[in-house]
Amino acid sequence: MKKNISNIEFNHLWTRDAEGGKFRHGVGLKLYVRTANLWETPRSYVFKHVGQDSWHRGNGAAISINRIHQK
């Protein structure tokens, strides 16, 4: 996957209070995918390589993908 990502942009960072003294953090992430050597859409390519839409870390953090948009 690394060879087909041409650029990464982070934006829209936010933090909100959640229940029980916890916080929710969010970040917008744009992956620019080189499409010349792909046999599939960039969206399918990214989802295939990340494998799932949510993960749970050992420290109690939950990471999730809310949306994959392709232009």
Side-chain angles (χ1 to χ4, degrees):
M1 181 169 172
K2 193 176 187 180
K3 68 181 178 179
N4 287 321
I5 301 296
S6 62
N7 193 23
I8 300 174
E9 291 180 10
F10 296 94
N11 56 28
H12 303 294
L13 300 169
W14 56 267
T15 297
R16 294 184 187 139
D17 288 329
E19 296 177 11
K22 296 182 180 183
F23 296 92
R24 290 183 56 106
H25 305 287
V27 62
L29 174 70
K30 287 185 181 181
L31 298 174
Y32 293 87
V33 178
R34 290 184 188 99
T35 59
N37 296 321
L38 294 182
W39 292 93
E40 57 200 331
T41 67
R43 183 185 188 283
S44 295
Y45 175 78
V46 169
F47 194 76
K48 181 176 79 175
H49 280 82
V50 297
Q52 55 193 26
D53 61 358
S54 62
W55 304 266
H56 294 279
R57 305 288 298 169
N59 64 0
I63 302 165
S64 62
I65 297 175
N66 294 330
R67 178 174 49 135
I68 296 178
H69 176 72
Q70 175 183 327
K71 283 188 176 183

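Nothing fancy with the numbering, it's 1 onward along the sequence.
Nearest heavy-atom pair across Arg34 and Lys3 is NH1-O, 2.7 Å. Closest of all the heavy-atom pairs between Pro42 and Thr35 is CG-CG2, 3.5 Å. Closest heavy-atom contact between Arg24 and Ala18: CG-CB, 4.1 Å.
No side-chain heavy atom of Ile5 sits less than 4.5 Å from a side-chain heavy atom of Tyr32.
Transitive grouping of hydrophobic side chains (ILVMFWY, heavy atoms separated by less than 4.5 Å) brings Ile8 and Leu38 into a common cluster.
Note on residues 10-22: pairs passing side chain to side chain donor-acceptor pair (under 3.5 Å), not counting sequence neighbours, are Thr15-His25.
Remark: the backbone N or O of Ser44 is paired with a side-chain donor or acceptor of Thr41 at under 3.5 angstrom.
With sequence neighbours left out, Leu13 forms a side-chain contact (heavy atoms from CB on, under 4.5 Å) with Val27.
For the atom pair CD1 of Ile63 and CZ of Arg57, the computed distance is 5.5 Å after rounding to the nearest 0.5 Å.
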